[in-house]
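Since the structure comes first, as structure tokens, the remarks are kept for the end.
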Amino acid sequence: MSNGHLGWIANFIWGIADDVLRDVYVRGKYRDVILPMVVIRRLDAILESTKESVLKLSKQLDESGVVTKEPALCKEAGELANYAFYNDSPFTLSHLRGRGRKQQLQADFENYLDGFSSGVQEILEKFKFRNQIPTLMDADALGALIEKFLDPRINLSPHPVYDNDGNERLPGLDNHGMGTIFEELIRRFNEENNEEAGEHWTPRDVVRLMSHLIFWPVADDIESATYCVYDGACGTGGMLTVAEETLDQLAQEHGKNTSIHLFGQEINPETYAIAKADLLLKGEGRAAQNIAFGSTLSRDAFLGQTFDFMLSNPPYGKSWKTDLDRMGGKKDMSDPRFQIQHGGDPEFSLLPRTSDGQLLFLVNKLTKMNHETSLGSRIAEVHNGSSLFTGDAGQGESNIRRWIVENDWLEAIIALPLNMFYNTGIATYIWVLTNRKPEHRQGKVQLIDATELYQPLRKNMGSKNCELSEAQINQISDMFLAFKETEKSKIFQNEAFGYCKVTVERPLRLRVDLSDAARKRFAQACQEAKEEEVAAAVDAVAERFGPGPHLDYNAFLKATEVEARELCGNVTAKREKLLRAALTQQDDDAEPVIKKTHSPAKVPADPLHGIYDVTIQGKARTVEYEQDTDLRDTEQVPLLEDGGVEAFFKREVLPYVPDAWIDETATKIGYEISFTRHFYKPPELRSLDEIKADLLALEQEGEGLLEAIVDHEIQ
């Protein structure tokens, strides 16, 4: 059947909504009726030829007391139904045409719907189609709706329609044609409702590009074999459909006979129903069973399964707190997909902020990669910009990027033009990943700036004002395959995106005040804490040291410990806290506060990491100082920094704060990817001649202006 005829059928069905539903529903709700009715009419037409035999077998099974009839009835429904569905009600849509009484039509129509097999029942349930029947009956529109779908001008049956002379009047509609019509209707309804289309539907130009990116690099390696394709946020199933078509076409071009199995999961009931219905209408009834309902994050329907090709456009900027709660929360998380071992950390967390779970969909796919085949797995997924850089070193988002890059799975990221999607104008990117990088790509990542490759739409659809032409899709795909440095394609070592987040510490320096006023405050605090003896010890030290201020806290503490030992025992942590609160203040001119003292033989000096040589009472010692948390700072040191962290520290930190050191225990590795940094073009500065010409023009324009103003005031 020609594309023109398929388009005519789609237009006819599109027109049914205006003819029958205009005064019954607002325009945005037409699809709630039209899409399920298309499904019902197509299944009705497919089942016509085996209707009587199905009814006969159903009666026999009932008489024999068989409870589970579905397998037998599906088989009896025949090959056209893909042995996947049936209807054992006594009615067809033709039987229901022209029912005179409204009440009888409603009862019989509901009986007809009840006769469908469980898979179709689930589709109708998720469409919430039965909820529409009262509205249609109140408006007396159900009969007209059925009549329109039985119009002799269109044929939704796989069998041709003949005239009285035996000539073919209308060709049969095969599964591919039916699928094309259904997808066209989905596209139109999504564009009509563009304020929410982006949540459920990715523009076909983007999907075709994604399919190129995952299939073209391995086109020559495709064998006559079985391949599994997966989308963990499948929406209406469009990505799976395009992926199947692309893979099938490549296989045919290479003389291969492939068996392609589609798998998907979707949480939105309506789009889930559309995805299942689409496969059913294409004659892939068994594949429809591989579309699962529910949250991919908290209720993974394919736990433990692996897939050869995966692609998705997951929701971004959407909270996943409910999913986290279902999985036990961050503390009691037990899902093996998101708690792994990596980089020597046995509990390496891949959990991002609860406000945005988009990267978890990518993690889910990476845990489903096939590591047993030579082809491995290939993944394409759409993300917004936050996936590139949000999350500090050690946090979930950064850990995910680190895990991906250090496993050498990331092949490329492609920046798409702005305003490519229906309900958002934000920047979007396609991530391309595989666990079988070709040798020339190993250890490297390609960034492609395709933001300027687009053509404007003749009419905007919500935020979407541009699209990719077929030539532009091929141009981007060719840049990816070429893997060459150009103005729009940059290639980096994996480590170029990594950095060490280094914690820079400085010593705590305390000045001690032993004045009468300070000691009075201290005595009051000791009384409240029932530590009066400590106040007496400080008074004794003050008699020896004087009121101060004293710039060596270490000497003061040592003297206080000696005095306190006779009065009340050791200076405990609680007692020292009282001392510091009442008697000390931070002072840059004071001596650093010693935290630990070591023998140089056991702990050698290492000033870069906070261990210093000192002399205490004439003896050589190494010491560690207490950190001043108010002066604590961090530095991001690139993994590719010449000389590493120490060279950076000596060059960028020590010249400005000589008493600083690195707290190595707090060092964390992070990863972020900045397109702006690598593709930024500074605006071209104007020449001095141009600036001078503008100034002269302004000067000439202003000549006589002051004189005119003065003359006006005089007048």
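Numbers for residues simply follow the sequence, beginning at 1.
- Phe215 is linked by a ring pair (Phe, Tyr, Trp, His ring centres under 6.0 Å) to Phe309, counting only residues two or more places apart in sequence or in another chain.
- What you find for Ile430 and Val382 is that their closest heavy atoms are CG1-CG2, 4.3 Å.
- A distance of 14.0 Å separates NZ in Lys692 from CZ in Arg686, rounded to the nearest 0.5 Å.
- Heavy-atom minimum distance, Thr202 versus Phe421: CG2-CE2, 3.6 Å.
- Pairing each heavy atom of Ile426 with each of Leu418, the nearest pair is C-CD2, 3.9 Å.
- Looking at every heavy atom in both residues, Asn435 comes nearest to Asn370 through ND2-O, 3.0 Å.
- Scanning all heavy atoms of the two residues, the minimum distance from Lys501 to Ala393 falls at CB-CB, 3.8 Å.
- From Ser387, atom OG reaches atom CZ of Arg401 across 7.5 Å, with rounding to the nearest 0.5 Å.
- A side-chain donor-acceptor contact under 3.5 Å links Ser386 and Asn384.
- Of all the heavy atoms in Ala660 and Tyr612, the pair that sits closest is O-OH, 3.6 Å.
- Residues Asp659 and Arg506 are paired through a salt bridge, judged by an N-O separation under 4.0 Å between the basic side chain and the carboxylate.
- Between the side chains of Thr296 and Asn364, no donor-acceptor pair is found at a separation under 3.5 Å.
- For the pair Val229 and Phe307, the minimum side-chain heavy-atom distance is 4.5 Å or more.
- Residue-environment remark: NZ (Lys650) stays at or below the threshold of 12 foreign heavy atoms within 6.0 Å.
- Using a 4.0 Å cut-off between a side-chain N of Lys or Arg and a carboxylate O of Asp or Glu, Arg509 and Glu591 do not qualify as a salt bridge.
- Taking 4.5 Å as the limit, every side-chain heavy atom of Ile340 sits out of range of all side-chain heavy atoms of Thr367.
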Determine all donor-acceptor pairs shorter than 3.5 Å in which one atom belongs to a side chain in residues 447-455; sequence neighbours excluded.
residue	atom	partner	partner atom	Å
Asp449	OD1	Thr451	N	3.1
Asp449	OD1	Thr451	OG1	2.6
Glu452	OE1	Lys488	NZ	3.3
Gln455	NE2	Glu467	OE2	3.0

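- Using a 4.5 Å heavy-atom cutoff, the side chains of Leu360 and Asp323 are not in contact.
- In this structure, a donor-acceptor pair under 3.5 Å is absent between the side chains of Glu672 and Tyr499.
- Here Asp588 contributes atom CG and Leu631 contributes atom CG; the two are 7.0 Å apart, rounded to the nearest 0.5 Å.
- A side-chain donor-acceptor contact under 3.5 Å links Asn11 and Arg188.
- A donor-acceptor contact shorter than 3.5 Å is absent between the side chain of Glu266 and the backbone of Thr271.
- The main-chain N or O of Ile473 is never found under 3.5 Å from a side-chain atom of Asp205 such that the two would form a donor-acceptor pair.
- Contacts of Gln265 classified as side-chain hydrogen bond (donor to acceptor under 3.5 Å, both in side chains), with partners at least two apart in sequence or in another chain: none.
- A donor-acceptor pair under 3.5 Å is absent between the side-chain atoms of Thr667 and the main chain of Val502, judged by distance alone.
- Rounding to the nearest 0.5 angstrom, the gap separating the CD1 atom in Ile267 from the SG atom in Cys234 is 11.5 Å.
- Between Phe189 and Trp14, the angle of the ring planes lies from 30° to 60°, which puts this pair in the tilted group.
- Looking only at side-chain heavy atoms (C-beta outward), Arg378 and Val432 come within less than 4.5 Å of each other.
- The NE2 atom of His383 lies 5.5 Å from the CG atom of Leu359; values are rounded to the nearest 0.5 Å.
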- Task: Evaluate side chain to side chain donor-acceptor pair (under 3.5 Å) for Tyr671 paired with Glu406, printing each intermediate quantity in order.
- Result: CA-CA 10 Å; Tyr671 277 79; Glu406 290 185 355; 3.2 Å; yes
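- Distance CD/Glu381 to CD1/Ile413: 11.5 Å, rounded to 0.5 Å.
- Gln395 and Ser398 share no donor-acceptor pair across their side chains, judged by distance under 3.5 Å alone.
- Here His371 pairs with nothing under the ring pair (Phe, Tyr, Trp, His ring centres under 6.0 Å) rule; sequence neighbours left out.
- Phe480 pairs by the ring pair (Phe, Tyr, Trp, His ring centres under 6.0 Å) definition with nothing, not counting sequence neighbours.
- Contact check for Arg353 versus Thr390: side-chain heavy atoms found under the 4.5 Å cut-off.
- With contacts defined as side-chain heavy-atom distances shorter than 4.5 Å, the pair Phe361/Ser312 does not qualify.
- In this structure, Trp409 and Trp403 have perpendicular ring planes: the angle between them is above 60°, well past the 30° mark.
- Within the 4.5 Å cutoff, side-chain heavy atoms of Leu481 are placed close to those of Pro217.
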Throw together a table of side-chain donor-acceptor distances under 3.5 angstrom for residues 489-497, partners on residues two or more places apart or in other chains.
residue	atom	partner	partner atom	Å
Ser489	OG	Gln446	NE2	2.9
Ser489	OG	Lys484	O	2.8
Asn494	OD1	Lys444	N	3.4
Asn494	ND2	Val405	O	3.4
Asn494	ND2	Asp408	OD1	2.9

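- Side chain to side chain, Glu245 and Gln249 fail the donor-acceptor criterion of an N or O pair below 3.5 Å.
- A donor-acceptor contact closer than 3.5 angstrom is absent between the side chains of Gln627 and Asp663.
- In this structure, the side chains of Leu410 and Trp431 come closer than 4.5 Å at one or more pairs of heavy atoms.
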